[in-house]
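Positions are given from 1 along the sequence.
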Amino acid sequence: MFDTSRVQDSLTPSPTWTASVDEGLVLHRGLTTTRPLPAKTARAVSRDPHDAAGIVSCITPSSADRSTSSRRAATKRDEILAFIAAQATCPDLTPERIARRTGVSRTVLYRILEPLGGVATCVQRQRLHLMRGALAHRGDARSIKTIAHASGFRSVTHASRSFHKAFGMPPGSYRQAGLAG
């Protein structure tokens, strides 16, 4: 698959109307690209350097490429979320660590999780889920402080405020409501 944004970002006005197949660069209809294009594009230009539609079709990903890309992104997103779920109890779970362990750059990590609220939101949501599960468990007599730390929160105050915001009541009230019900 070819990333057209790299080509589009590198297009600059130029009075040149030529095509250079040897270098893999396209200079066409007033646009110059400073980045190599795929061989398929260079071949299209060598056939007809004035065929802008042919060039665009060569550098624009097909719908099959986009759907494959979407599936790969969803798979990578699921892999990242599974890693976060497995490591949420670690207070040192940072974006850098997540990116390194899942094999993506920090930029890609942020881009993948942005539709879900971002990296910090995904980590916090998982920690809150763990905390809520522990508080709802009737046999768990640990203090809220212990549960918050075991869920990956460094600060009990932050955990309590986040819990209250997410579930509409403080952790202690949630626990009491669960015990009474």
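- Considering every non-hydrogen atom in both Pro95 and Val119, the closest pair reads CG-CG1, 4.0 Å.
- Without hydrogens or angle criteria, Arg77 side chain to Ile112 main chain gives no donor-acceptor distance under 3.5 Å.
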Side chain to side chain contact (heavy atoms under 4.5 Å, CB included) between Phe163 and Ile144, worked out: CA-CA 11 Å; Phe163 190 93; Ile144 291 173; over 6 Å; no
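- A donor-acceptor pair under 3.5 Å is formed between the side chain of Ser155 and the backbone N or O of Thr157.
- By the 4.5 Å heavy-atom criterion applied to side chains, Pro170 and Ser160 are not counted as neighbours.
- Counting all heavy atoms, side chain and backbone alike, Gly152 lies closest to Arg127 at O-CZ, 3.4 Å.
- Minimum interatomic distance between Cys90 and Arg97 (heavy atoms only, all atoms of both residues): SG-NH1, 2.9 Å.
- Using a 4.5 Å heavy-atom threshold, the side chains of Arg132 and Ile147 count as separate.
- When every heavy atom of Arg154 is checked against every heavy atom of Pro91, the shortest pair comes out as NH2-O, 3.3 Å.
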Working for side chain to side chain contact (heavy atoms under 4.5 Å, CB included), residues Leu93 and Phe83: CA-CA 10 Å; Leu93 187 59; Phe83 179 79; 3.9 Å; yes
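- No hydrogens or angles considered: nothing links the side chains of Arg101 and Gln87 as a donor-acceptor pair under 3.5 Å.
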Stepwise side chain to side chain contact (heavy atoms under 4.5 Å, CB included) test for Ile98 and Leu113: CA-CA 12 Å; Ile98 297 167; Leu113 295 183; 5.7 Å; no
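- Under the 4.5 Å side-chain heavy-atom criterion for Ile, Leu, Val, Met, Phe, Trp and Tyr, Tyr174 and Val156 are members of distinct hydrophobic clusters.
- The number of heavy-atom neighbours closer than 6.0 Å to CZ of Arg161, taken from other residues, nucleotides and ligands shown, is 12 or below.
- Between the CZ atom of Phe167 and the CE atom of Met131 there is a distance of 9.0 Å, given to the nearest 0.5 Å.
- When every heavy atom of Thr89 is checked against every heavy atom of Ala150, the shortest pair comes out as CG2-O, 3.2 Å.
- When side chains are defined from C-beta on, Phe153 counts as touching Leu128, because their heavy atoms get closer than 4.5 Å.
- In this structure, Arg125 contributes its side chain and Ala166 its backbone to no donor-acceptor pair below 3.5 Å.
- Within 6.0 Å of NZ in Lys76 there are more than 12 heavy atoms belonging to other residues, nucleotides or ligands.
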Stepwise side chain to side chain contact (heavy atoms under 4.5 Å, CB included) test for Arg142 and Leu135: CA-CA 9 Å; Arg142 296 178 292 171; Leu135 290 169; over 6 Å; no
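- With hydrophobic clusters built from ILVMFWY side chains whose heavy atoms lie under 4.5 angstrom apart, Val108 shares a cluster with Val123.
- Rounded to the nearest 0.5 Å, atoms CG (Leu109) and CD1 (Ile84) are 6.5 Å apart.
- Shown here for Gln126 and Ala88, the closest heavy-atom pair between the two residues is CG-CB, 3.5 Å.
- A salt bridge does not link Glu114 to Arg111: none of the charged side-chain nitrogens sits closer than 4.0 Å to a carboxylate oxygen.
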